[in-house]
Amino acid sequence: DGSNATCDYPENPAARNLAFALEIHRLQGDLKGYSRAISILSQSQEWLEFEDVVVSISCSIAANGYQISQRFMAKSHEGLRCVHCGAPVEDLFYRIGQDIRLRQCSCGKVADHHIEFEILLVFIEMQLLRPEVYRHVLFNRFSPTILSREAGRFLLLCLILDTYTRWSQFKSTDSKSGISHWLQDSEHADWAVLGVTILETGTYLLSVSVVALLGSSTHSVFSKRSHLRVWEAILVSSFGKVYKLIALVWGGSNGGQAMVIALAIFVAASNIMAVETVLDSNVRSAAIAVVLASTLRLGVASCFMPLLIP
């Protein structure tokens with residue numbers, strides 16, 4: 001693909017020169033030169049400044065029939081996993097001259113064939129609750145920094161959707177007494193609903209991580225990194241909440257309420273798959289963690305929401 005790709009080059013002169021070198025090699029289809037520039041860059045002090053630029057290059061390099069995205073060409077972090085057996089692997093592909101071959105795991109299967117897929121196809125497979133694609137997303141597709149950033153975006157999205165759903169229920173009440181009536185006529189109503197939603201979400205995330213780590217034999221409940229990994233997995237796997245927008249269109253109907261319940265079950269199942277994947281645990285312990293956390297979340301809602309929606 002010889003189309004011009006635009007990206008924001010860093011201000012550092014050394015990193016800027018490497019940026020131009022990368023772009024020239026990419027446009028000329030020079031895989032060897034591109035890989036050499038990536039290797040030099042990954043060992044330089046400008047790598048952290050330049051990492052997002054490498055990821056943002058829009059086109060892929062074709063080699064021996066494989067479309068390998070630049071995010072995998074620039075992969076430098078540890079923790080890669082075989083998507084089939086979960087065993088650690090050194091890399092996802094290797095080079096033979098100008099050719100690129102996907103790495104095979106010791107289990108006899110290709111370590112991660114999802115690196116050939118665009119993100120839309122990966123998203124579709126995640127909806128099928130396949131453990132292979134969850135390992136791909138949580139271990140292989142993104143660097144730890146980018147995964148944390150994406151988890152933060154999902155957290156914001158979940159808060160917006162949950163708050164709006166709760167706010168719609170709150171505004172639809174006809175109560176004319178108590179705190180609910182006062183809030184309906186108050187400019188602080190939106191903040192009150194947002195506060196309850198944040199409390200619910202925080203309770204759920206903390207409960208899942210604590211219960212899941214207590215039942216894990218390979219991770220410590222006192223490890224901050226382990227908690228962060230579980231939270232990232234929970235947030236990324238909560239993508240199903242996006243479909244709440246469809247339920248809101250059907251608002252008030254029995255079909256809309258049924259969809260809300262179905263989405264809650266789907267998101268819980270996705271969370272179970274994510275916790276099981278990120279902690280290498282069994283589905284039983286992951287399910288216990290998610291069910292207990294959901295129960296606590298409902299308990300928080302039952303304590304505070306009657307004040308808003310009697």
*How many angstroms lie between atom CG of L159 and atom NZ of K241, to the nearest 0.5 angstrom?*
8.0 Å

*Would S223 and S220 satisfy side chain to side chain donor-acceptor pair (under 3.5 Å), going step by step from the backbone distance to the final call?*
CA-CA 5 Å; S223 171; S220 172; over 6 Å; no

*Quick one: pull up OG1 in T201 and CG in L155 and give me the separation to the nearest 0.5 Å.*
7.0 Å

_As an exercise, state the distance from OH of Y204 to CG of L296, rounded to the nearest 0.5 Å._
11.0 Å

Could you pull out every donor-acceptor pair under 3.5 Å between side chains of residues 102-111 and any protein atom, sequence neighbours left out?
residue : atom : partner : partner atom : Å
R103    : NE   : D91     : OD1          : 2.8
R103    : NH2  : D91     : OD1          : 3.3
R103    : NH2  : D91     : OD2          : 3.4

*Ring centre gap for F154 and F239 strictly below 6.0 Å*: no

_Restricting to non-hydrogen atoms, name the atom on H114 and the atom on R141 that form the minimum distance, rounded to 0.1 Å._
O-NH1, 3.9 Å

*In Å and rounded to the nearest 0.5 Å, what is the OG to CD distance from S294 to E200?*
11.0 Å

*Output the distance between atom OG (S216) and atom CG (L279), rounded to the nearest 0.5 Å.*
5.0 Å

_S270 side chain vs V267 backbone, donor-acceptor pair below 3.5 Å_ = no

*asked:* Is there a path of hydrophobic side-chain contacts, each under 4.5 Å between heavy atoms of I/L/V/M/F/W/Y residues, joining L121 to M273?
replied: yes

*Are side-chain heavy atoms of V122 and E118 found at a separation under 4.5 Å?*
no

*Could you walk me through whether T277 and F139 pass side-chain contact (heavy atoms from CB on, under 4.5 Å), step by step?*
CA-CA 9 Å; T277 299; F139 291 104; 4.0 Å; yes

_V275 versus A212, closest heavy-atom pair with distance_ = CG1-CB, 3.8 Å

*Between CG of L147 and CZ of F142, what distance do you get to the nearest 0.5 Å?*
7.0 Å

_Steps toward side-chain contact (heavy atoms from CB on, under 4.5 Å) verdict (H136, F117)_ = CA-CA 11 Å; H136 166 73; F117 297 169; over 6 Å; no

*Taking all non-hydrogen atoms of both residues, which atom of S302 and which atom of G299 are closest, and how far apart?*
OG-O, 2.7 Å

*Which atom of N140 lies closest to which atom of G79, heavy atoms considered*: OD1-O, 4.5 Å

*Are I198 and L205 connected in a single hydrophobic cluster, I mean Ile/Leu/Val/Met/Phe/Trp/Tyr linked by side-chain heavy atoms less than 4.5 Å apart?*
yes

*Over all atoms of both residues, closest heavy-atom pair of R135 and C82*: CD-O, 3.6 Å

*asked:* For Y243 and Q127: C-alpha separation, side-chain torsions, deciding distance, then whether side chain to side chain donor-acceptor pair (under 3.5 Å) applies.
replied: CA-CA 12 Å; Y243 296 115; Q127 298 178 72; 2.6 Å; yes

*Under the 3.5 angstrom rule, does the side chain of W231 hit a backbone N or O of S209 as a donor-acceptor pair?*
no

*Heavy-atom side-chain proximity of E232 to S148 below 4.5 angstrom*: yes

*Picking from L92, L138, D280, D112, what satisfies side chain to side chain contact (heavy atoms under 4.5 Å, CB included) with R81?*
D280

*asked:* Looking at H227 and L206, would you say the former's side chain and the latter's main chain have a donor-acceptor pair under 3.5 Å?
replied: no

*asked:* Given the ring of Y94, does R101 sit roughly above its face, with NZ or CZ under 6.0 Å from the centre of the six-membered ring and within 45° of the axis?
replied: no

*Is there a chain of hydrophobic side chains (I, L, V, M, F, W, Y, each step under 4.5 Å between heavy atoms) that links F123 to Y134?*
yes

*List the steps and the verdict of side-chain contact (heavy atoms from CB on, under 4.5 Å) for E90 and L80.*
CA-CA 7 Å; E90 294 183 359; L80 301 175; over 6 Å; no

Which side-chain N or O atoms in residues 281-288 pair as donor and acceptor under 3.5 Å with protein atoms at least two apart or in another chain?
residue : atom : partner : partner atom : Å
N282    : OD1  : R284    : N            : 3.1
N282    : OD1  : S285    : N            : 2.8
N282    : OD1  : S285    : OG           : 3.2
S285    : OG   : N282    : O            : 3.1

*Considering all heavy atoms of both residues, which atom of N271 and which atom of S237 are nearest to each other, and what is their separation?*
ND2-OG, 2.7 Å

*In the single-linkage hydrophobic clustering (I, L, V, M, F, W, Y; side-chain heavy atoms under 4.5 Å), do I146 and V236 co-cluster?*
yes

*Could you check T145 against R149 for side-chain contact (heavy atoms from CB on, under 4.5 Å), going step by step and ending with a plain yes or no?*
CA-CA 6 Å; T145 301; R149 185 175 63 192; 5.8 Å; no

*Are F266 and L235 co-members of a hydrophobic cluster defined by side-chain heavy atoms under 4.5 Å apart?*
yes

*Does the side chain of D162 come under 3.5 Å of the side chain of T197 through a donor N or O and an acceptor N or O?*
no

*Can you find a heavy atom in the side chain of L228 that is under 4.5 Å from one in the side chain of R225?*
yes

*Listed partners of E132 passing side chain to side chain donor-acceptor pair (under 3.5 Å), at least two apart*: none

